[in-house]
Amino acid sequence: LPGQSEISHRVGKDSRQAVLHCVRKSSSQVVKKEQVQATEAMAEQAYTVPTFRERAPEGMQEYQRMAAHFGRDLVQLQHELHRMKVATKEQVDNIEITREVKGMMPLRKDYPAEVPKAPDFLVSLRSHTVWEKTPVKLFCTVSGKPNPIVKWYRNNVAIEPLSAPGKYKIENKYGVHSLIISRCAVTDSGIYSAVATNPHGKATSKATVCVRRPLGGGELSHLPGQVPLLSGIHPSKLEVTLLESFGVTFGTEGESVSLVANMVVVPDLPNLPPEAMWYRDDTLLMPSRWAEMSIGGGVAKLTLPHLNKDDEGLYTLCIWTKDGTAEHSAYLFVKDATPTVAGAPGAPMDVAVFDVNADYVLVSWKPPNTTHEAPITGYFVDSLYVDVMLKVLFCINKHLIYSCLVYVTIPDPPTNVHATEINKTYIVLNWTPPSPRGRAPVWYLIEKCVGDSHIWQRVNTAVQLRSPRFPVYDMEDKKSYRFRVITVNKYGSSEPSEPTAAIQKVDPYGVPSAPGQVIASRNTKTSAFVQWEPPKHANNLMGYYVDASLVGSKKWFPCNHRPYKHTRFVVHGLVPGDTYVFRVQAVNASGLSEESQDSAPFFIDAALSTPSAPYGISLLNCNGSSMTLAWKRPKNTGGSKITSYYLDKREAESVDWKEVNPSPAAHRTFMVENLTTGVFYEFKIQAANLAGVGLPSEPSKAFACEAWTMAEPGPAYDISFWEVRDTFVLVQWKPPVYAGAGPITGYFVDMAKKGSSDFVAVNAEPVGHCYLKVSGLETGASYVFRVRAVNAKDVGKASDVSDPVCAKALPGTKEIVCGVDEETGDIFLNFEACEVSETSKFTWSKSYKEITESSRVSITSSGRNSKLTFVNAEKEDLGIYSVAVTNTDGVSSSYSVNEEELKKMLELSYNIKHPIVPLKTELNYEILEKGHVRFWVQAMKLSSSVNYRFIVNDKAITSAEGYKISHDASTGIIQMTIEHFTKANEGTYTIQIHDGKAKSQSSLVLVGDAFKGALKEAEFQRKEHIRKQGPHFSEYLSFHVTDDCTVMLVCKLANVKKETTFTWFKDDEEIPVDVPPNPMSGSCSLPIPMFSRKDQGIYKAVLGDDHGKDTSVYDISGKVFEDIINAIASIAGSSASDLVLQCTPEGIRLQCYMKYYTEEMKTSWFHRDSKISSSEKMRIGGTSEMAWMQICEPTDKEKGHYTIEIHDGKKSHSRTFDLSGQGNVQMCYMNYLLSVDRGRVVGGLPDVVTIMEKKSLSLTCTVWGDPSPEVTWFKNEQEVVSDDRYKITFEGGKFASLTINNVYVEDSGKYSINVRNKYGGEFVEITVSVYKQGGDIPEPKLGQMAKPAVTPKPATPAPQSVKTPTPPTPTPSVKSPTPTPPPSVKSPTPTPAPKSPTPPRSMRSPTPPRSMRSPTPTK
């Protein structure tokens, strides 16, 4: 490389310098060593770590190593060769420059006139903080016409490089002005400024340089991470080079984390590893259970098995090497663990104890950071007992022994009671122990009083204090206290000491004031450099907490979790491309200060620097006198767009480089002309951005300047990768510059895994475009690609192998979304980038050809989002659309717009551009409570500015008397209520809606039957509303059947009071009840026991008071009657007993007992699966408590299984009896023969008799029995004796009668006749009702029916009945002495019997004669 003398020589020649600025030639050569140093200074590390000893300059290290191996002669030879090379190079450069200057002089007149422009700093100076004896470079980029002159100043004093030779170096290259200060001293600290001047103005840029000494030099560093200097130089024979080392690490409390550094050790001795030391901030760490250290096998490792927030800080690894030390530092952040209770604060840290004695210990700590949690209100302190053995040595001399011989029992009081420490929480009291103390051990009691009150209160009630020092808590603010101390031993207590003066707790410090201005600046792509001004009132400051918030989120998160002591901090873990604001809080023992003001919004991006070197120079074409070159973009663009490239060339046999392009190249392809055929050339390239010109590339391989004449095409170039996902990647390239003998017809793409040379073809057939999506990749694997072009002749030369690409999507990658704008109806493609930089741009393409200017689409970008909008989408817009984000790690995506999707989007777009108000429901109506009619429609969505109108029969309706119109935008409901709905409201109803640009209309035709139904319902609801103003039925009459088969009519009442009356009616006649209904209970019920067909009718409940009257009507007939019977059948069928065999005089009877039976129940009998119909042989009947089937004169034919089935409308209940036994049939038949001549009523008596008052009643019947039976008459279970009104006759042993002359109402009741002889008898009942003349024919009232008569004891004994099997269940109690009533006989009175609410006694189905009705055998 050229030496410093060459630079000085070229800088000193002004005219030559001007020419070089316009026509940069190869004489510039490679960037000098000072330029490399400046680049390193610009890329300032996140944390500056002080060197462990003074390092030798870079060249000196090489010198020492060479001298150690080859000796002093080699060093002298090296210096001589270097001097000769510099001298020769200088002469050659001077000759070349002189020749080119002369050649360019005539061209000056052709240059266009420059536009005047005042100086302007494109890149301003940047402040630096450096260590002593290290270099620093200040640089800036200035523009202006004519080119401005830049002068440098320090503290407003001009810098003269000649005044301190070697101290300052001033450079100007490509518009980048720099000042290099070598071996900085502390005295070099100050404000440096660059002043740019030209005829049109002046501009100034300033920066601060702060030079610091390492620890021990009397000054602290502003940057985090101070590592103490090692004392002396540790001897070591090992050479250690750090390779991959740990970076910034994030952990959580309770987790484990390891910091690992890989190294190369020469020589690598297993038994002698290098010595390593770990530091946290300025503290040397020692191996323990909380810090596990290991080194060996080329790895140094520090493991923290259980992280605490105390572990947060800058960790530095220091390893002794042969030439000193190798070190590496990175920050470890430890965030709070998830709290057990949401919103709870984090854990305090740096817990320390002091003032330790036998009675107490003082504990201090640092408060945690609180961002979104509530302010800290207090702390809890826990203690753990640790068994520690203490050894105390007492030294006693003779004087002390003598003094102890003085016997004192009661001790003296302490003296000199005073406060040694006062703060806002406690006061520490101290005193002098009493002398003499006495022989027994002593302890102390402390008392306090408020001010001068002389009311003393004991302080240490729970502590037996033996030390002459104690902290006092629990004192109120703004109150002063006095204290005194009493000495106590086992003999007693002393007098109190003298009280102290009044003491008031105060806060000597208080919380610090808020920090000053917070400024953020660039650091890396994921971090920011934050600095702030310290608080004006530090108040024993412990450190700072830094918080950050994403702009617009208003949610703060902590950046550090342990107080940080300095005023500069690097915040890590930020998202590239996002904008943040920062704030700072100061911390001391009293708590947290107020937050500082927020910093200005700061965009996260890497610090600006020059780009790295281009690479991959390849030859695309050669015609014998020129070469077309291509190269790859630098991997690091320096944080700004690359604006130009500079090319140098040289012949392969030469060492001199010459500049190729007089003006910079804007693209990554360039044709180098004026070359010599047959000569081999090498090239190198430099990239430039806003910060300046970067490092040059490595020289290319030697390319022969020979014309290409082959038939096949040349190589493709510029292979790039987009849309990198876990299983596929899109490969793009540019077509060859040299097409060969014919046009290019396609391309083959080859692929191989990284590190392998076994390429396989991706596509079997050539593709006709310059891109290919390669799928089927292994997630996480790295691949390389190459491309071969094809023409009609052959397959061309393969391109250079691409850079490796890893098949793994970037974190947070999102795809393009196709949609339609809800406001404009435009179809768009939207993309949200997962990463952007400040200089990023979105590049949209169709079929992977960039869209530059198009009338078909428009592109808008903002922040992370970019949108491509179709102007008027048509079929020609179909295709693949892709987007790429520049200056990122390949952020890109694609989307295929097909015909089917475009059709859907166009339909949606049309609906938006020609909008309608979408309706959930069309216009409808409903009848409201008061008879109002509500017409309503519901839209999917309504705005607050919606307009609408109702039209009825072509007439617009507005809100007026009788009409109420309203809407609710939140629900989308528009409604109109008509309060008085009448016949005039018949017609057509329409609503018209206008909401912005959208319209809608809905109609409802309400005429004819539909209108009549609505009008009827409205009138009903109006009446209902009026009804409910007074007492009314909240639930109308209904029925339910109780467990004992009683039918209950029930209703529920509302709005009743004490005066409200309630009455029951049946068929418009009031039903008297034993217990009056109680309307205040809210419900009333009417029991109907033994329900039967006679209970059919219209029941009515009437409720009324002075506020109104309400009626509920219930028609028990038809389906309602069937439902009641089915409900009774369900309960009765479930309660039915097994069939029981009963032997009777007539034959065999099968009986089934149940809770209630009535002939209306659907009951069926079966014999051998054949249904039985009632006949003279098989008679079917029942009572209220059982169902029976009579087999008259049984024979063997009647044997077999008998079944009864009771149907309740849903299911049937069946019981079965096996009548196959021979003995049962014979026994029953014998009983029949013995009972033929028993006393019984043959006929003549009716069930019910109704007669008018003052008429005569004759009850006559025919009886039978052999011998002749005895006859007895009863009235209401009392025997009737013959007298003037009651005449009893019994003629011929066959005809019995009871005659009542001039009957009265009192004669109503139950009459019965008992007919018996020695073989048995029968008991028959008759109901008599007497009514007054001219009155209505009475009907027996519910609850007033006469009870069944009890059968009187027979006068003569009867033969013993035949034994029958005992039924398995107890026989239900029978209310009548005979289980079956007499058959119905017409009443002798002309008036027919009215319906009775009680079940009929006679069975209307075919029944056996009275002589066969007894359910039990005669006695």
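Sequence positions, counted from 1, serve as the residue numbers for this chain. Atoms considered below: every heavy atom in the structure, side chains included; atoms not considered: hydrogens, waters and symmetry mates.
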Measure from the ring center of Tyr564 to the ring center of Tyr544 and say whether it is less than 6.0 Å. no
Above 12 or not: heavy atoms from other molecules or residues under 6.0 Å from CD of Glu595? yes
Between Asp800 and Ile617, the two heavy atoms sitting closest are OD2-O, 4.5 Å
Looking at Arg583 and Asp547, does any basic side-chain N land under 4.0 Å from a carboxylate oxygen? yes
Residues in side chain to side chain contact (heavy atoms under 4.5 Å, CB included) with Ser866, at least two apart? Phe842, Trp844, Ile859, Ser861
Any heavy-atom pair between the side chains of Tyr545 and Val584 that's under 4.5 Å? no
For Lys632, I'd like to know if atom NZ has over 12 heavy atoms of other residues, nucleotides or ligands within 6.0 Å. yes
Might you work through the side-chain contact (heavy atoms from CB on, under 4.5 Å) test for Phe121 and Val142, ending with a clear yes or no? CA-CA 4 Å; Phe121 282 87; Val142 186; 3.6 Å; yes
Side chain to side chain contact (heavy atoms under 4.5 Å, CB included) partners of Ser892, counting only residues at least two apart: Trp722, Glu723, Ala884
Quick one: do the Thr129 and Arg568 side chains pair a donor with an acceptor below 3.5 Å? yes
Whether the side chain of Glu835 engages the backbone of Pro576 through a donor-acceptor N/O pair (distance < 3.5 Å, no angle test) should be reported. no
Between Tyr881 and Tyr895, is the ring centre distance below 6.0 Å? no
Worked verdict on Trp631 versus Tyr645 for ring-ring contact (aromatic ring centres under 6.0 Å, His included): CA-CA 10 Å; Trp631 57 90; Tyr645 294 92; 5.4 Å; yes
Under 3.5 Å donor-acceptor, Asn689 side chain and Thr637 backbone: yes
Between atom NZ of Lys841 and atom OG1 of Thr888, what is the distance when rounded to the nearest 0.5 Å? 14.0 Å
Between Phe529 and Phe602, does the ring centroid distance fall short of 6.0 Å? no
Could you tell me whether a side-chain N or O of Thr249 sits under 3.5 Å from a main-chain N or O of Gly247, the two making a donor and an acceptor? yes
Heavy atoms of Cys818 and Ile827 approach each other most closely as SG-CG2, 4.4 Å
Do Phe250 and His572 make a side-chain contact, defined as non-hydrogen atoms from C-beta onward lying under 4.5 Å apart? yes
Check whether His128 reaches the backbone of Cys210 with its side chain - one donor and one acceptor, N or O, closer than 3.5 Å. no
Does any donor atom in the side chain of Ser893 or Glu815 lie under 3.5 Å from an acceptor atom in the other side chain? yes
Start with the C-alpha gap between Ser858 and Phe870, add the side-chain angles, then the distance that decides, and say whether side-chain contact (heavy atoms from CB on, under 4.5 Å) holds. CA-CA 7 Å; Ser858 62; Phe870 295 94; over 6 Å; no
Would you check, one step at a time, whether the test ring-ring contact (aromatic ring centres under 6.0 Å, His included) holds for Tyr331 with Phe569? CA-CA 11 Å; Tyr331 210 88; Phe569 188 75; 5.7 Å; yes
Do Tyr192 and Trp152 make the cut of ring centroids closer than 6.0 angstrom? no
Of all the heavy-atom pairs spanning Val570 and Phe333, show the shortest one and how long it is. O-CZ, 3.9 Å
Does any part of the side chain of Thr204, heavy atoms only, come nearer than 4.5 Å to the side chain of Lys206, both counted from C-beta? yes
If you count every heavy atom of other residues, nucleotides or ligands that lies below 6.0 Å from Glu850 atom CD, does the total exceed 12? yes
Leu730 vs Tyr771 side-chain heavy atoms within contact, under 4.5 Å: yes
NZ (Lys846) with more than 12 external heavy atoms under 6.0 Å: yes
Leu125 side, atom CG; Leu138 side, atom CG - distance, nearest 0.5 Å: 6.0 Å
Backbone N/O of Asn636 and side chain of Ser612: donor-acceptor pair under 3.5 Å: yes
Using a 3.5 Å distance criterion without hydrogens, assess whether the side chain of Ser553 forms a donor-acceptor pair with backbone atoms of Leu550. yes
Nearest-0.5 Å distance, CG of residue Asp605 to NZ of residue Lys525: 7.5 Å
Among residues at least two apart in sequence or on other chains, which ones pass salt bridge (Lys or Arg N to Asp or Glu O under 4.0 Å) with Lys734? Asp718
Over all atoms of both residues, closest heavy-atom pair of Pro614 and Ile685: CD-O, 3.5 Å
Are Tyr747 and Cys770 close enough that some pair of their side-chain heavy atoms sits under 4.5 Å apart? yes
What distance do His566 atom NE2 and Trp532 atom CH2 have between them, rounded to the nearest 0.5 Å? 9.5 Å
Restricting to non-hydrogen atoms, name the atom on Val724 and the atom on Lys808 that form the minimum distance, rounded to 0.1 Å. CG1-O, 3.7 Å
Approximate separation, where rounding is to 0.5 Å, of Arg562 CZ and Glu312 CD: 8.0 Å
Would a distance-only check, ignoring hydrogens and angles, find a side-chain to backbone donor-acceptor pair under 3.5 Å from Ser127 to Thr208? yes
Side chain Gln531, main chain Thr567, donor-acceptor under 3.5 Å: no
Going from NZ on Lys753 to CD on Glu778, what distance comes out if it is rounded to the nearest 0.5 angstrom? 4.0 Å
Can you check salt bridge (charged side-chain N to carboxylate O under 4.0 Å, His left out) on Arg864 and Glu832, steps first, answer last? CA-CA 5 Å; Arg864 293 175 175 268; Glu832 182 181 355; 5.9 Å; no
Atom CD1 of Ile191 with >12 non-hydrogen neighbours under 6.0 angstrom: no
Within the structure provided, determine whether Trp733 and Leu772 are in side-chain contact (heavy-atom separation under 4.5 Å). yes
Taking the side chain as every heavy atom from C-beta outward, state whether Gln597 and Gln517 have any atom pair closer than 4.5 Å. no
Checking Thr669 against Tyr717 for the side-chain contact (heavy atoms from CB on, under 4.5 Å) test, could you report, in this order, the C-alpha distance in whole Å, the side-chain angles of both residues, the deciding distance, and whether it holds? CA-CA 10 Å; Thr669 56; Tyr717 68 100; 3.4 Å; yes
Has Tyr580 got a side-chain atom pairing as donor or acceptor with Val575's backbone, closer than 3.5 angstrom? yes
Quick one: does any side-chain atom of Asn661 pair with a main-chain N or O of Leu647 as donor and acceptor, under 3.5 Å? yes
Which pair of non-hydrogen atoms, one from Leu620 and one from Ala630, has the smallest distance, and what is that distance? CD1-CB, 3.5 Å
Any luck finding a side-chain donor-acceptor pair between Tyr615 and Asp803 under 3.5 Å? yes
Side-chain contact, heavy-atom cut-off 4.5 Å: Thr779 with Thr727? yes
Decide yes or no on ring-ring contact (aromatic ring centres under 6.0 Å, His included) for Phe785 and Phe721, but give the supporting numbers first. CA-CA 10 Å; Phe785 295 84; Phe721 304 102; 5.5 Å; yes
Determine whether the aromatic ring centres of Phe139 and His177 lie less than 6.0 Å apart. no
